[in-house]
Amino acid sequence: MIQVRNLVKSFGPLTVLKGVDLDVGEKEVVVLIGASGSGKSTLLRCLNFLEMYDQGEIRLMGEPINPQKTDLNQVRSEVGMVFQHFNLFPHKTVLENVTEAPVFVKKQKREVAKELAMNLLENVGLQDKAQHYPDMLSGGQKQRVAIARSLAMEPRIMLFDEPTSALDPELVGEVLVVMKQLAQEGMTMVVVTHEMGFAREVSNRVAFMHNGQILEQGDPKTFFDRPEHERTKQFLNSIL
Ligand code: ADP
Ligand code: MG
């Protein structure tokens, strides 16, 4: 589903991605970890072309993406993204937040979009909040709406950038439950998170990013029990 080769990205003099290689298969869940500033968010943003890279290649669903030629809006609708800070539209209801993109970007009929949205809200346990405004929701509820909103575009791949990092600890679980459910339904996912329980339990692979590269990756058991690199050990010691 995702093939990244030698991805390089600089911001001015600062090279943030220094030749990233990453493969993600269909229905695979990859957890990406690494210190702050190691390039995790930049990598995710390159994967759905919110950010343009300088060198390297990205293939999605087997197709090489040529930013000059490929319809990037189409790509973005196939690669959903959930952010740390929800980014809901504050002046729209929960239901309007979820139907907005299908109606205006995909030109779906409003009635069709509403039906899908209500199903998605039910899946994330929020059908009774459809007419509420984001202000009236807890952080965990907002993030579940953000996930439903992203799913409303019927993406093939979902990217999560620290989806629980802004939440009070008691609200983290309800969001992880929704993500786990999505994984079990076979969604292909790349998840940046510090939730090592989720990584162990749900992911197929953990990748450690260090200084703009993926230094080490493996299945969660091997990765956590027998990390190879000193840097990986240090990082795991610092967060576990
Ligand atoms: P992470 O998500 O792992 O914390 P980021 O990808 O956000 O790392 O950032 C990697 C580095 O790139 C950091 O040093 C950050 O300050 C820098 N950076 C990220 N976005 C920009 C930007 N738009 N302009 C300049 N520097 C940026
Ligand atoms: Mg980040």
**OP:** Find the distance between CG (Leu182) and CG (Asn123) and round it off to the nearest 0.5 Å.
**Re:** 9.5 Å

Original post:
Can you list the steps and then say if Val145 with Lys142 is a side chain to side chain contact (heavy atoms under 4.5 Å, CB included)?
Top reply: CA-CA 5 Å; Val145 173; Lys142 281 185 213 174; 5.6 Å; no

Original post:
In terms of hydrophobic clusters joined by side-chain contacts under 4.5 Å, are Val24 and Leu50 together?
Top reply: yes

Subject >> From Thr70 atom OG1 to Ile65 atom CD1, the distance as rounded to the nearest 0.5 Å >> reply: 5.0 Å

Subject >> Listed partners of Arg231 passing side chain to side chain contact (heavy atoms under 4.5 Å, CB included), at least two apart >> reply: Phe208, His210, Leu215, Gln234

Subject >> Heavy atoms of other groups near Arg76 CZ, more than 12 under 6.0 Å >> reply: yes

**OP:** Give a yes/no verdict on a cation-pi contact between Lys107 and Phe104, requiring under 6.0 Å between NZ or CZ and the six-membered ring centre and an angle within 45° of the axis.
**Re:** no

Subject >> Same apolar cluster (I L V M F W Y, side chains within < 4.5 Å links), Val172/Leu240 >> reply: yes

**OP:** Taking atom CZ of Arg110 as the centre, report whether more than 12 heavy atoms of other residues, nucleotides or ligands fall under 6.0 Å from it.
**Re:** no

Original post:
Going by heavy atoms in the side chains, are Gln84 and Ser165 under 4.5 Å from each other?
Top reply: yes

Subject >> Rounded distance [0.5 Å steps], CE in Met209 versus CZ in Phe235 >> reply: 12.0 Å

Subject >> side chain to side chain contact (heavy atoms under 4.5 Å, CB included) assessment of Met179 paired with Ile147 >> reply: CA-CA 9 Å; Met179 290 168 61; Ile147 293 171; 4.2 Å; yes

**OP:** Start with the C-alpha gap between Val75 and Asn73, add the side-chain angles, then the distance that decides, and say whether side chain to side chain contact (heavy atoms under 4.5 Å, CB included) holds.
**Re:** CA-CA 5 Å; Val75 172; Asn73 285 326; over 6 Å; no

**OP:** Measure the shortest side-chain to side-chain distance between Pro134 and Asn97 over non-hydrogen atoms and say whether it is less than 4.5 angstrom.
**Re:** yes

Original post:
Phe11 versus Thr42: any side-chain heavy-atom pair under 4.5 Å?
Top reply: yes

**OP:** Rounded to the nearest 0.5 Å, what's the gap from OG on Ser138 to CD on Gln143? Could you check?
**Re:** 10.5 Å

Subject >> Heavy-atom check, side chain of Lys129 versus side chain of Leu137, under 4.5 Å >> reply: yes

**OP:** First locate atom CZ of Arg156, then atom CG of Leu60, and finally report the distance between them rounded to the nearest 0.5 Å.
**Re:** 10.0 Å

Subject >> Atom pair CG (Asp219) and CZ (Phe224), whose distance is rounded to the nearest 0.5 Å >> reply: 10.5 Å

Original post:
Do the charged groups of Asp23 and Arg205 touch, with an N to O distance under 4.0 Å?
Top reply: no

**OP:** Verify whether one side chain among Glu216 and Thr232 offers a donor that lies under 3.5 Å from an acceptor in the other.
**Re:** yes

Subject >> Pairing residues for Lys69 by the salt bridge (Lys or Arg N to Asp or Glu O under 4.0 Å) criterion, not counting sequence neighbours >> reply: none

Subject >> Flag if over 12 foreign heavy atoms under 6.0 Å of CD, Glu57 >> reply: yes

Original post:
Who passes salt bridge (Lys or Arg N to Asp or Glu O under 4.0 Å) against Glu100, sequence neighbours left out?
Top reply: Lys92

Subject >> Step-by-step salt bridge (Lys or Arg N to Asp or Glu O under 4.0 Å) determination, Lys233 to Glu228 >> reply: CA-CA 8 Å; Lys233 289 177 197 166; Glu228 233 169 77; over 6 Å; no

Subject >> Axial cation check for Phe89 ring with Arg149, 6.0 Å and 45° limits >> reply: yes

Original post:
Do Asp161 and Met81 pass the side chain to side chain contact (heavy atoms under 4.5 Å, CB included) test, and can you show the C-alpha distance, the side-chain angles, and the key distance before you say yes or no?
Top reply: CA-CA 8 Å; Asp161 194 358; Met81 184 141 171; 4.3 Å; yes

